[in-house]
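For reference, the structure is listed below as structure tokens.
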Amino acid sequence: MKTKLIICGLFCLLAATSVKAADNKVGIDLYESGMIGAAKAFFLDNLKQQREGVLQAETCYYLGECYLVLGLRDSAGIYYQKGIEFMPDYSYNRIGVVGLKLGKDVDGEELFKEVFTSKKDKKDAGVQLAIARAYLYAGNMTKAMEHVNQARELDAKSGLPYLVEGDILAAQGKVGEACAKYEMAAYFSPDCVGAYLKQARLYMSANRSLSLEKLDKAREESPEFCGIYCILGELYEMAGDSKAAADNYSKFIQSGYYDQDHLLRYAGILYFDKQYEKMLPVLQSVLKEKPEDLVAKRLYAYCLSKRENGEKCLEAIKHFIESTPEESQICQDYLCYAEQLTVKKEYNEAITYYKKALNADCKRQELLKDIADLFVKNRDLDSAVVYYQQYFDFVEEPAAEDLLKLGKCYYNLACQDSVPELQKEELIKADTLFKELSIQVPNSYVSYFWRARVNSMLDPETTKGLAKPYYEKVIEIGSVQPERYKRELIESYKYLGYYHYVIADAITTKNNGNPDPAKGEYGEAKSFFSKVLTLDAKDEVALKALESIKL
């Protein structure tokens, strides 16, 4: 096979195949593995190099088969006829021509007899399997099985009859029986790589470990066969391992035996592996051949939107949204646009497209949290609370981070609210959420810090000391690393200093202005304000408080 440039020089082909006209083994293995697009690419390339009539005829036959499977019957006929021209006595192309005349209930036995160019053909197992496949593609399973059985009688040691029988069963939806026949094919013909790959594909959804086992067996038999890495890539893609999917699928692409659908799938794999730079030329290659392909255009927009090109990121997905009919748009389109709008801090528009994404896929309830987050950024706390609550109704147990977010929303609403009843209601809701947070993460200062702030607002005169136990807990946790928790410790020390000062002042007032009975409380107040100065020697509140305490 001639070495060729692929996608702007991004990929290198395997150099082992060269200017010498290659045989068709790799292509036949691809065809027998059910990888029709890859097989077609192989045979089209090989036909350009071959000069031997029998190889050319064989290549044309398999090209006819590939086009037939792909539903391109006219193209199939052209290659069967071309194969006959290369070698008139090569029966397989004649079988292909007859196969095009078959229907689901058509018995073409007399027609097939006419194509035999020698007496040996009737007793050739390969010829019988070619006829079986012709009936299979025509939908006549009964006649297909008749010829599979004839092939098995002619060559009892070959696994190929079992391979074709597996195809017949798979076409009828009998997956388990098909896999059993593929197993037999591999037993009789261990080098029948297609048997392993067809099993791997059938097991892929239901039993990935078994699928991988079959692929490993295929690698043992034929480690260089590119088709193995294609299916491995698909398997890892389904398993969500984007790196392994990209690594394996790239090995397949490097073989050069791919079609545009393979490139498109490869681009998708690269997208999920975040290899945007590598993905871009792949998509450009696809769009050159299929400029109106919706999936290619979509991935191209996604790719550009993910690259760090400033305004071009937003423009790419915006153009796709505006140029694509609404009925053809999907959740991910809106989501991609919303993410880019968020980056540009266009929060109102971003919210609109997050909502469209949610409407396009109502199962994506996690988007409720994204919408709520944007309302917070847009300082619309009332709306944020609504969407956080809807999200909480969706999840079984809110995450600690989400409890904190909603709790802070209620706290900030209370800070803004001037109606005492509403403010108290919001503070209680916030306190309930922060309490739940403290249960989830008891060793973190965060929940206690926010409970302290909430309870400080519930006790505006600081006479009840509602925030005291929570600020004390913050000090207990934060004192281990005072520099890290400096801000929180300063706030805690100030509150406790002020609390003890208020208690001391009340005792002094009760004793007709005599401060002596309050010495202990004044001492506590001085102690806490002094601790503030150990963290910030210039803190004006602490300095003034200490100055005012004369005792």
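We number each residue from 1, following the sequence as shown. Heavy-atom basis, side chains included; hydrogens, waters and symmetry copies ignored. No experiment lies behind these values; they were computed from the predicted model shown.
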Should [X] and [Y] count as an ion pair when the cut-off is N to O under 4.0 Å?
| X | Y | answer |
| --- | --- | --- |
| Asp29 | Lys25 | yes |
| Glu110 | Lys113 | yes |
| Lys243 | Asp247 | yes |
| Lys217 | Glu221 | no |
| Lys306 | Glu277 | no |
| Arg265 | Glu234 | yes |
| Glu349 | Lys344 | no |
| Asp167 | Lys181 | no |
| Asp259 | Lys40 | no |

Keeping the roles fixed (side chain from [X], backbone from [Y]), state whether a donor-acceptor pair exists under 3.5 Å.
| X | Y | result |
| --- | --- | --- |
| Asp155 | Ala125 | no |
| Tyr300 | Gln284 | no |
| Ser33 | Met35 | no |
| Arg298 | Gln332 | no |
| Gln199 | Ala195 | yes |
| Ser255 | Lys251 | no |
| Asp293 | Val295 | yes |
| Ser158 | Leu160 | yes |
| Arg73 | Leu100 | yes |
| Gln440 | Pro398 | yes |

Which heavy atom of [X] sits nearest to which heavy atom of [Y], and what is that distance?
| X | Y | value |
| --- | --- | --- |
| Cys331 | Ala357 | SG-O, 3.3 Å |
| Ser189 | Gly159 | OG-N, 2.7 Å |
| Leu270 | Val282 | CD1-CG2, 4.2 Å |
| Tyr236 | Ala244 | CG-CB, 3.6 Å |

Please indicate whether [X] has more than 12 foreign heavy atoms, meaning atoms of other residues, nucleotides or ligands, lying under 6.0 Å from its [atom1].
| X | atom1 | result |
| --- | --- | --- |
| Tyr276 | OH | yes |
| Asp393 | CG | yes |
| Phe394 | CZ | yes |
| Lys290 | NZ | yes |
| Glu327 | CD | yes |

Between [X] and [Y], do the side chains contain an N or O donor and an N or O acceptor separated by less than 3.5 Å?
| X | Y | answer |
| --- | --- | --- |
| Tyr302 | Asp333 | yes |
| Asp121 | Ser91 | yes |
| Ser209 | Asn207 | yes |

Say you draw a straight line from [atom1] of [X] to [atom2] of [Y]; how long is it, rounded to the nearest 0.5 Å?
| X | Y | atom1 | atom2 | result |
| --- | --- | --- | --- | --- |
| Leu63 | Cys60 | CG | SG | 6.5 Å |
| Asp45 | Gln50 | CG | CD | 9.5 Å |
| His319 | Thr324 | NE2 | OG1 | 8.0 Å |
| Gln365 | Tyr391 | CD | OH | 10.5 Å |
| Leu367 | Asp373 | CG | CG | 11.0 Å |
| Lys143 | Tyr135 | NZ | OH | 5.0 Å |

- Take Leu280 and Leu304, measure what side chain to side chain contact (heavy atoms under 4.5 Å, CB included) needs, and give me the verdict at the end. CA-CA 8 Å; Leu280 187 60; Leu304 289 183; 3.9 Å; yes

- Does the side chain to side chain contact (heavy atoms under 4.5 Å, CB included) test come out yes or no for Leu70 and Ser75, once each step is laid out? CA-CA 10 Å; Leu70 294 170; Ser75 296; over 6 Å; no

May I ask you to test the [X]-[Y] pair for a side-chain heavy-atom distance under 4.5 Å?
| X | Y | value |
| --- | --- | --- |
| Val343 | Cys313 | no |
| Leu169 | Gln172 | yes |
| Arg364 | Leu335 | yes |
| Ser242 | Ile269 | no |
| Tyr137 | Leu102 | no |
| Glu183 | Lys214 | yes |
| Leu44 | Tyr79 | yes |
| Asp124 | Leu154 | no |

- Looking at the rings of Tyr258 and Phe252, which for Trp means the six-membered one, are their centres under 6.0 Å apart?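 Judged by ring-centre distance (under 6.0 Å), Tyr258 and Phe252 do not meet the cut-off.
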
- Message: Using the side chain to side chain contact (heavy atoms under 4.5 Å, CB included) criterion, which residues pair with Thr342? Sequence neighbours excluded.
- Response: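 Testing Thr342 for side chain to side chain contact (heavy atoms under 4.5 Å, CB included), a comparison that skips the adjacent residues, returns Tyr347, Ala350, Tyr354, Leu374, Lys377.
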
- Message: Asn149 and side-chain hydrogen bond (donor to acceptor under 3.5 Å, both in side chains): which single residue from His147, Glu153, Arg152, Glu146 fits?
- Response: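 Of the listed residues His147, Glu153, Arg152, Glu146, the side-chain hydrogen bond (donor to acceptor under 3.5 Å, both in side chains) partner of Asn149 is Arg152.
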
- Message: Walk me through whether Glu58 and Tyr92 qualify under side-chain hydrogen bond (donor to acceptor under 3.5 Å, both in side chains).
- Response: CA-CA 8 Å; Glu58 182 182 63; Tyr92 288 81; over 6 Å; no

- Task: Using the six-membered ring wherever Trp is involved, compare the ring planes of Tyr266 and Tyr249 and label them parallel, tilted or perpendicular (cut-offs 30° and 60°).
- Result: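 Rings of Tyr266 and Tyr249: parallel, as their planes differ by under 30°.
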
- Residue pair Tyr162, Tyr182: steps toward the ring pair (Phe, Tyr, Trp, His ring centres under 6.0 Å) verdict: CA-CA 6 Å; Tyr162 294 101; Tyr182 292 141; over 10 Å; no

- Query: Cationic tip of Arg208 within the cone over Tyr203's six-membered ring, i.e. under 6.0 Å and within 45° of the normal?
  - Reply: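 Verdict for Tyr203: no cation-pi partner in Arg208.
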
- Task: Apply side chain to side chain contact (heavy atoms under 4.5 Å, CB included) to Leu299 and Met279, showing your working.
- Result: CA-CA 9 Å; Leu299 283 174; Met279 174 187 178; 3.9 Å; yes

- Item | Stepwise side chain to side chain contact (heavy atoms under 4.5 Å, CB included) check, Lys174 with Ile168 | CA-CA 9 Å; Lys174 300 175 181 178; Ile168 294 168; over 6 Å; no

